[in-house]
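See structure below.
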Amino acid sequence: MEKPEKTRERLYLIDGYALIYRAFFALISRPLVSSRGENTSAAFGVARFLIKIIDQHQPDYLGMVFDAGDSERVEMYPQYKATREKMPDELALSIPRIRQLVEAFRIPVLELQGYEADDVIGTLAGKAVDAGLEAVIVSGDKDFYQLIRPHVCLLNPGRGGPTAVEEEWVDERNAHERLGVAPKHVVDYLGLIGDSSDNVPGVSGIGPKTAIQLIEQYGSIEDIIAHTAEIKSKRAREALEAFADSARLSRRLVTIREDLAVDLDTEALRVREPDRVALKDLFLDLEFNTLAREFAAAHPTAPADAGDGAEAAPNRLAGDYRLLSTTEEVHALVAQAREAGRFAVDTETDSKDPMRATLCGISIGVVVGEAFYLPFRHRTRGPDQGELLGDATPDADAGVRNLPDLHSPEMQPLLDLLEDETIEKVGQNLKYDFLVFRREGIDLRGIAFDTMVASYILEPGRREHGMDSLALQHLDHRTITYEEVAGKGKAQIPFAEVELETACNYAAEDADITLRLADKFGPEMQALELDHLFRDVELPLVHVLAEMEYNGIRIDEPFFARMSEELRATQSQLEREIYAEAGEEFNIGSTPQLREILFGKLGLPVIKKTKTGASTDVDVLQALAAQGHRLPTLLMQYRQVDKLRGTYVDALPLMVNPETGRIHTSFNQTVAATGRLSSTDPNLQNIPIRTEMGAEIRRGFIPAEGNVFVSADYSQIELRILAHYSGDEAFVTAFRSGADIHRQTAALIFEVPVESVTKEMRDRAKTVNFGIIYGQGPFSLAQQLGISQAEAKAFIEAYFERFPGVRRYLDEQIELARTRGYVETLTGRRRYIPEIQSRNWNVRAFGERAATNAPIQGSSADLIKIAMIRIQNDIAAGMVPAKMLLQVHDELLFETPIGTEDAVREFVRERMEGAATLNVPLKVAGGVGSSWFETK
DNA sequence: GATCTCACG
DNA sequence: GACGTACGTGAGATCC
């Protein structure tokens with residue numbers, strides 16, 4: 001039916017939740033998920049619909065109607081809507097978004113506490129007609145047919161996409177025909193047949209056909225009941241005799257009220273220009289880029305507000321940033337912070353490495369929009385550009401007004417504040433500040449919020465969690481960058497030499513932004529139930545990691561010097577042999593030159609290609625060596641030696657901290673998308689062990705005088721997690737029996753008794769076991785095992801046949817990632833997988849592997865983190881004299897006084913094995929030694 | 001800064 | 001039927 005002819009101004013009343021549900025479920029099998037993991041299906045559908053309504057229908061008045069609170073129908077009939085499933089979480093989370101959208105469109109929201117949208121719509125439609133308007137009810141719900149009359153019609157919105165449905169008008173002309181009864185009898189009709197979605201009972205035994213017939217014959221439900229005895233059909237008659245009251249109740253339940261106490265405020269409902277800026281921001285935030293473009297094209301900015309640039313450029317947030325220069329001011333600030341019980345803190349220093357940095361100032365923010373900078377060690381350069389005029393004392397330089405020394409009695413209240421556990425500290429990367437303070441002899445306590453960690457919990461796949469990027473995205477604010485105040489490259493000056501007012505603006509802004517971000521991230525984490533992970537795992541871990549970094553690890557420098565000489569000699573020898581074999585000298589480290597030698601000059605076959613040409617990696621060299629060529633073998637040896645020397649033996653001694661004589665790595669808590677840690681400067685999580693020559697390097701890591709190392713590593717933690725999650729019977733049984741899991745696996749997939757499993761069978765089973773965790777396919781398994789692809793395929797099939805629970809579990813994770821956009825670990829840590837929605841097979845397959853691997857790798861990370869926190873707590877409480885030094889994903893390394901090693905081993909084992917209770921036991925293996933090498 | 005290679009779990 | 005083919009990291013060397 002085409003659109004009814006327009007004779008009056010039109011008011012469109014949109015049934016809000018009907019629209020939202022429809023939009024959400026239209027995309028249920030392929031939901032829209034933003035890169036931050038937000039399910040945006042409903043918001044998208046609603047936005048697109050509103051644009052369409054406004055552009056194509058050009059309503060004169062428009063309102064969005066929502067249910068609010070429990071309906072009076074529940075009092076009438078407690079089971080009303082009781083069979084409805086709870087709103088899916090993803091949808092519930094997008095309701096606030098949709099309200100923002102509606103607001104940005106400047107469409108009034110109409111709701112009345114205690115009433116359903118239907119009743120508000122019924123009332124307003126009536127009032128609209130009285131006011132000389134025409135009411136268009138936008139909904140697909142048949143209940144609304146009862147409201148149809150002159151100047152009231154129904155618009156059932158269509159649907160785009162693959163299963164497109166045309167929009168549909170229902171008015172006086174076609175209502176009767178569509179439902180089989182006239183609008184005035186809709187309540188009788190629905191009262192008889194009931195409504196399963198609202199759990200309205202109706203009359204059991206009477207369906208649409210009978211209902212229509214009865215209504216045609218007798219009229220309303222009361223009339224029908226009055227004539228029950230005359231009804232010919234025995235079934236219908238008996239049904240009515242039994243359920244007459246149910247029919248009356250049902251009729252009342254489906255009757256839409258038209259008499260609520262709401263006014264029709266036509267002026268408020270008149271369609272207005274949308275708030276373009278807000279809408280554009282929302283669209284970008286929701287990643288509706290196409291919609292944003294289309295909307296911008298259809299609604300060009302009026303000349304009046306074009307070109308002022310306010311829309312495009314991020315704001316500069318207004319902040320009152322002040323430099324403190326007197327003790328009294330500091331005391332007042334301390335009092336204010338104590339009063340508030342919470343403040344943001346940030347340190348300014350002269351190095352990115354907290355183990356080498358010197359503190360030069362502190363910024364503090366207590367309330368949003370206000371922050372202070374406390375300079376302690378600023379100085380200026382003299383006119384001759386070299387002589388330092390200022391130092392730590394305020395009098396030394398007239399140009400700089402430092403506060404009294406941080407450790408002077410006047411500043412004691414500030415130090416007390418920092419060390420007061422009851423006053424909450426908010427910061428960005430507080431591990432850094434903690435270490436800087438610690439080296440000043442200040443123990444920063446009360447770490448309550450870290451915005452960098454919070455951002456990581458909310459968006460673990462995000463590239464960077466730096467403040468500049470977070471402020472830009474979340475606060476639409478461009479921060480002052482370090483380069484802007486200190487310069488860059490060669491011209492960069494130490495922060496201590498930055499002019500004070502400039503330093504203050506930079507530093508205080510950081511504290512202010514931190515506070516604003518914390519206020520935003522806190523509720524977001526709560527909404528996603530990530531609070532436990534944040535409060536009980538990641539936040540306590542900040543301390544633990546800081547402690548480990550502070551501890552550092554000792555190396556045997558003469559050992560590295562000797563090893564470097566030996567490797568260098570080996571390398572020269574190999575170099576000569578390589579040149580001889582190649583027939584010329586060239587740069588072995590240059591891939592292009594090596595390519596030319598191997599595939600050009602010597603004409604060896606190209607095995608594998610990279611983006612830029614033939615690959616020369618170890619797989620290729622191995623294959624070429626297997627063909628009987630000598631050069632590839634030499635190259636592999638050369639590369640191994642070169643790598644060990646360049647990356648480890650020569651590099652590590654340069655990292656020794658002159659102050660402590662030890663190497664202090666940095667454990668990054670916000671890098672790995674799965675929840676793992678990473679280690680940098682230097683990376684101590686990839687110290688060689690797999691080859692004999694490489695493992696020698698570990699002899700150079702030694703405990704402090706009078707100490708030994710204790711190492712403890714989880715045995716097959718990832719496979720145990722897989723067993724736990726999948727609940728696979730064979731798998732779980734194997735682990736519970738305490739037997740060798742790879743041997744057990746081999747017995748099952750090769751169908752032989754455990755005693756007959758050969759070493760080769762076990763090795764293959766082990767490879768398959770690990771391959772499964774990563775989603776390895778037949779192609780790569782075949783390559784790895786040196787077997788045919790068909791054989792590899794048979795292995796994988798045999799595996800899943802023996803472990804059907806594993807297959808089921810992996811499929812489940814893929815399905816979860818597809819439908820809700822993310823997978824999660826034991827602690828609820830999420831990993832969003834937008835790739836799984838890709839139309840590109842390759843990208844999608846990657847997403848599927850990530851979806852199966854992330855819960856396993858991530859849960860393993862969860863467990864060791866929990867263990868680390870408990871261990872460090874007990875170490876701090878003095879239970880053992882050990883120091884935790886390193887974490888290498890499933891392994892922890894400790895340093896402890898000689899004689900305490902057995903106790904420490906047991907202490908650590910107990911806490912690691914007790915980190916969680918799974919379906920299968922957790923097992924920890926340990927070792928003791930006077931070098932890292934010996935702990936194996 | 002991008003690319004390649006290779007070290008670890 | 002082809003696609004391209006195992007997850008997660010960091011560092012050093014070379015090239016452009």
Side-chain angles (χ1 to χ4, degrees), chain A residues 460-461 586-595 608-621 635-636 638-652 654-655 665-668 671-691 693-695 697-698 713-719 722 767-784 789 792-793 796 810 823 831 833 838-858 860-861 864 886-892:
Chain A
F586 64 103
N587 184 346
I588 306 171
S590 161
T591 309
Q593 288 184 39
L594 183 59
R595 258 180 212 143
K608 184 162 82 171
K609 284 183 175 172
T610 69
K611 275 180 215 164
T612 55
S615 169
T616 67
D617 71 15
V618 71
D619 287 348
V620 171
L621 296 182
L635 286 168
M636 284 189 284
Y638 177 89
R639 281 204 180 142
Q640 186 191 10
V641 174
D642 187 54
K643 175 85 176 176
L644 294 180
R645 194 185 49 75
T647 307
Y648 304 101
V649 180
D650 286 355
L652 287 170
L654 301 177
M655 305 295 290
T665 182
S666 176
F667 286 108
N668 201 323
V671 169
T674 51
R676 272 191 178 181
L677 298 176
S678 83
S679 157
T680 56
D681 309 304
N683 181 356
L684 293 184
Q685 289 183 321
N686 73 345
I687 301 302
I689 194 170
R690 290 175 188 171
T691 66
M693 199 195 305
I697 289 175
R698 295 187 173 218
D713 63 283
Y714 278 117
S715 305
Q716 293 113 16
I717 181 133
E718 296 198 341
L719 285 175
L722 177 59
T767 304
V768 177
N769 265 329
F770 285 113
I772 295 297
I773 291 177
Y774 304 135
Q776 188 175 39
F779 174 89
S780 122
L781 180 64
Q783 277 222 320
Q784 199 178 338
Q789 210 168 313
K793 190 156 173 273
I796 294 172
L810 298 176
V823 289
R831 167 139 186 214
I833 316 224
S838 172
R839 264 100 41 223
N840 177 324
W841 178 87
N842 197 22
V843 174
R844 199 167 61 245
F846 165 78
E848 291 174 0
R849 294 192 297 267
T852 50
N853 178 256
I856 300 172
Q857 190 180 115
S860 158
I864 197 163
L886 299 178
Q887 187 249 43
V888 193
H889 310 307
D890 62 359
E891 171 191 1
L892 295 174

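Lettering of chains follows the sequences in order, A, B, ..., and the numbering in each one begins at 1. These values consider heavy atoms only, across backbone and side chains, with no hydrogens, waters or symmetry-generated copies.
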Would you tell me if any nitrogen or oxygen in the side chain of A:Asn683 comes within less than 4.0 Å of OP1 or OP2 on B:dA7?
-> no

A:Arg676 side-chain N/O to C:dT9 phosphate OP1/OP2 under 4.0 Å = no

Per A:Pro592 side chain, nearest of listed nucleotides C:dG8, B:dA7, C:dC15 = C:dC15

Taken to the nearest whole Å, CZ/A:Arg844 to P/C:dA2 is 17 Å

Can you find a donor-acceptor N/O pair under 3.5 angstrom joining the side chain of A:Gln857 to the base of C:dC7?
-> yes

Name the closest nucleotide to the A:Asp681 side chain, picking from C:dC7, C:dT9, C:dA11.
-> C:dA11

Starting from Watson-Crick (N1-N3 plus N6-O4 or O6-N4) and G-U wobble pairs under 3.5 Å, report the runs of at least three that DNA chain C belongs to.
-> B:1-9 with C:7-15

Working for side-chain hydrogen bond (donor to acceptor under 3.5 Å, both in side chains), residues A:Ser678 and A:Gln685 = CA-CA 7 Å; A:Ser678 83; A:Gln685 289 183 321; 5.5 Å; no

Can you name the salt bridge (charged side-chain N to carboxylate O under 4.0 Å, His left out) partners of A:Asp642, sequence neighbours left out?
-> A:Arg645

Taken in chain and number order and not counting sequence neighbours, the residues that satisfy ring pair (Phe, Tyr, Trp, His ring centres under 6.0 Å) with A:Phe770 are A:His742

Take A:Tyr648 and A:Gly777, find for each the nucleotide of DNA chain C with the closest heavy atom, and name the residue whose nucleotide sits nearer the 5' end.
-> A:Gly777

Presence of donor-acceptor pair under 3.5 Å, side chain of A:Arg690 and base of B:dG9 | yes

Taking only residues two or more places apart in sequence or in another chain, which ones pass salt bridge (charged side-chain N to carboxylate O under 4.0 Å, His left out) with A:Lys793?
-> A:Glu797

Which atom pairs link the protein and nucleotides 3-5 of chain B when you take only N or O atoms and keep those under 3.5 Å?
| from | atom 1 | to | atom 2 | distance (Å) |
| --- | --- | --- | --- | --- |
| B:dC4 | OP1 | A:Thr610 | OG1 | 2.8 |
| B:dC4 | OP1 | A:Lys611 | N | 3.4 |
| B:dC4 | OP1 | A:Thr612 | N | 3.1 |
| B:dC4 | OP1 | A:Thr612 | OG1 | 2.6 |
| B:dT5 | OP1 | A:Thr616 | N | 2.7 |
| B:dT5 | OP1 | A:Thr616 | OG1 | 2.7 |
| B:dT5 | O3' | A:Arg639 | NH1 | 3.2 |

What nucleotide among C:dT9, C:dA11, C:dC7 has an atom nearest to a side-chain atom of A:Val671?
-> C:dT9

Only pairs at least two apart or in different chains count here, so list each salt bridge (charged side-chain N to carboxylate O under 4.0 Å, His left out) that has a residue in residues 673-691 of chain A.
-> A:Arg676-A:Glu718

When you compare C:dT5 with B:dC4, how far apart are their P atoms, in angstrom units rounded to a whole number?
-> 13 Å

Verify the contact: side-chain N or O of A:Gln593 to OP1 or OP2 of C:dC15, cut-off strictly under 4.0 Å; return yes or no.
-> yes

